[in-house]
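Along the sequence shown, residues are numbered consecutively beginning with 1. No hydrogens, no waters, no symmetry mates; every other heavy atom, side chains included, goes into these values.
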Amino acid sequence: MRSYRTLFRTPEFTPFLLSFAAHAAAQTIGGLALGTLVFRATGSPLLSAVSMFGPQLAQLLGATFLLSGADRLPPRAILSGLALAFAAGTAVLALPGLPVAAVFAVVLAQGLIASLGGGVRAGLLNDILPKGGYVLGRSVFNMLWGLMQVAGFATGGALLALLTPRTCLLLAAALYLLSALTTRLGLTARPPRAAGRPSVSATWRTNALLWSSRPRRLTYLGLWIPNGLVVGCDSLFVSYAPGAAGTLFACGALGMFVGDVTVGRLVPPAARPRLAVPLRLLLAAPYLFFVLQPGVALSAVATAVASVGYGASLVLQERLVSLTPDDLAGQALGLHFVGMSTLQGVGAALAGTVAQLTSPATAMTLLAAASVTVTLTLMALGRREERRPAAPGADPGALPEPAATDTSRSGARREGAQ
């Protein structure tokens, strides 16, 4: 699938996209409002960064207990329920006088239940689209996420100049309700794609199988660590430029949009694998210049250029899908999104800590240098893996025969699922 026209003619794709748009807008406006609320209350770069990105740390716990549900629960019901839970939690965050400790308890609970959403949504996208359509479809989702961030952060910044952060949180809660309604009315009720009940043991067994392949491990690490460190840089925008954080976030989202259009639509499939390393280096390198503490205009340009590098995630997700049986796609992609979110939370906490001890500009520079180092190290390990001789007849990405996964179709790829 190479055409946007064909993509949007696919049944259910449009309502699925609209539901995600409402969810993304709610997350963007609500996150900026919450980070601003916490920074005004505490004056702490660390607490502000953690309030926006720290809940993603809780997704690691969710991956331990809930992730098998990505393939073993009906997707429409789960996505609708998650959106309603986010609406309720965001409304609670808007309560006047809520202590900072209670704020963090709520957002960590939201992070816990969000661990299931990424896998369910990615697995459902893989089911809705025909074979070979995942990268183009995912690029549209990423572009929409970028547009919602541009619009959401710009709108959120304007709203925060006119309204209180708590009022903006109530608006975010309303958008989550809209997402739940669109999901419920626009999508078909589908059965789970894998047999068996979700459980902690099923989650652990399948995660262990997914992690057992060295090519998949390197792919996961490439998706998680460089991205997480750069998101740590982004988490300091509020403390680096309190009056222009919305502008920096919007410019970053614009760069992400350009990267997704380029990788998803313009780059031929055969050329995409070669872009993984250059894009990950581009993601971090412009933040090295923050050591000079540039003004808002130069910072916005650097952020936009760097964010083009987020297109590397499309290349690596395509590689991950190709290494994974279809009826484990939800959990495999869910593990990616949980790991990515967790490392983003770690990056935000690390960035906030370093900024607390030094300055936001210094913290950004150090995390960018670490991201470049990790990318180069993974590149060297990947080349070493390519030079290793494969066992006769072995598929380097294949899972073992999955008697322990509680599925009956793990070894076969379904036609039309990609």
Side-chain angles (χ1 to χ4, degrees), residues 53 56-57 59-60 62-63 67 70 114-115 117-123 125-126 134-135 137-139 141-142 145-146 206-207 209-234 252 256 259-260 262-264 267 272-284 306-324 328-348 350 367-368 370-383 385 396-397 399 418:
F53 297 96
Q56 296 164 335
L57 289 170
Q59 294 196 28
L60 181 61
L67 200 52
S115 62
V120 174
R121 189 172 286 109
L125 177 65
N126 204 36
Y134 179 82
V135 168
R138 188 71 215 180
S139 72
F141 267 74
N142 288 357
W145 171 243
T206 305
N207 283 347
L209 286 174
L210 291 169
W211 193 252
S212 64
S213 163
R214 182 178 173 88
R216 269 194 306 273
R217 284 199 302 273
L218 293 176
T219 302
Y220 276 129
L221 293 174
L223 282 162
W224 294 344
I225 302 178
N227 180 296
L229 291 169
V230 172
V231 168
C233 299
D234 296 348
M256 187 186 304
D260 287 329
T262 301
V263 175
V267 177
R272 281 198 292 256
R274 296 193 293 271
L275 293 179
V277 171
L279 285 172
R280 279 181 287 169
L281 292 174
L282 177 63
L283 180 63
S307 296
V308 174
Y310 282 116
S313 70
L314 289 174
V315 179
L316 294 174
Q317 284 182 59
E318 182 178 36
R319 182 184 302 170
L320 179 62
V321 168
S322 72
L323 293 172
T324 306
L328 296 181
Q331 184 159 346
L333 290 166
L335 182 61
H336 152 53
F337 289 118
V338 167
M340 179 182 67
S341 296
T342 300
L343 266 294
Q344 288 176 354
V346 170
L350 179 60
L367 265 67
S371 181
V372 169
T373 301
V374 170
T375 293
L376 294 176
T377 301
L378 291 174
M379 179 186 69
L381 293 174
R383 289 179 176 175
E385 178 67 21
L399 287 169
Q418 284 191 24

For M379 and V277, the nearest pair of non-hydrogen atoms, with its separation, is SD-CG1, 3.8 Å

Take N207 and L335 through the test side-chain contact (heavy atoms from CB on, under 4.5 Å) and record every step on the way to the result.
CA-CA 8 Å; N207 283 347; L335 182 61; 4.0 Å; yes

side-chain contact (heavy atoms from CB on, under 4.5 Å) between T324 and L210, intermediate numbers included:
CA-CA 8 Å; T324 306; L210 291 169; 4.0 Å; yes

Would you say R280 and L378 make side-chain contact, with heavy atoms under 4.5 Å?
yes

Nearest 0.5 Å, please: how far is CG in L221 from CG in L381?
9.0 Å

Taking every non-hydrogen atom, the tightest pair across L333 and L320:
CD2-CD2, 4.2 Å

With a 4.5 Å limit on heavy-atom distance, are the side chains of Y220 and L316 in contact?
no

Check A284 against V372 and note the closest heavy-atom contact, atom names and distance.
CB-CG2, 3.8 Å

I need the T375 OG1 to L229 CG distance, nearest 0.5 Å.
8.5 Å

Which residues pass the side chain to side chain contact (heavy atoms under 4.5 Å, CB included) test with R217, not counting sequence neighbours?
W211, R214

Could you tell me whether a side-chain N or O of S371 sits under 3.5 Å from a main-chain N or O of A368, the two making a donor and an acceptor?
no

Does V315 have any side chain to side chain contact (heavy atoms under 4.5 Å, CB included) partners at least two apart in sequence or in another chain, and if so, which?
V263, R272, A276

What are the two closest non-hydrogen atoms of G252 and S307, and how far apart are they?
O-CB, 2.9 Å

Given L282 and V308, is the side-chain contact (heavy atoms from CB on, under 4.5 Å) satisfied, shown in steps?
CA-CA 7 Å; L282 177 63; V308 174; 4.0 Å; yes

Please report the closest heavy-atom contact between M340 and N227, naming both atoms and the distance.
CG-OD1, 3.9 Å

CA sep, side-chain torsions, deciding dist, call: L323, S213, side-chain contact (heavy atoms from CB on, under 4.5 Å)
CA-CA 9 Å; L323 293 172; S213 163; 5.6 Å; no

Nearest 0.5 Å, please: how far is OG1 in T262 from CG in L275?
9.5 Å

Distance (rounded to the nearest 0.5 Å) between T377 OG1 and I225 CD1
9.5 Å

Tell me, do R274 and P278 make a side-chain contact under 4.5 Å, heavy atoms counted?
no

Does Y310 reach the side chain of D260, with side-chain heavy atoms less than 4.5 Å apart?
no

Provide the closest heavy-atom pair for C233 versus L367 in the form atom of the first, atom of the second, distance.
SG-CB, 3.9 Å

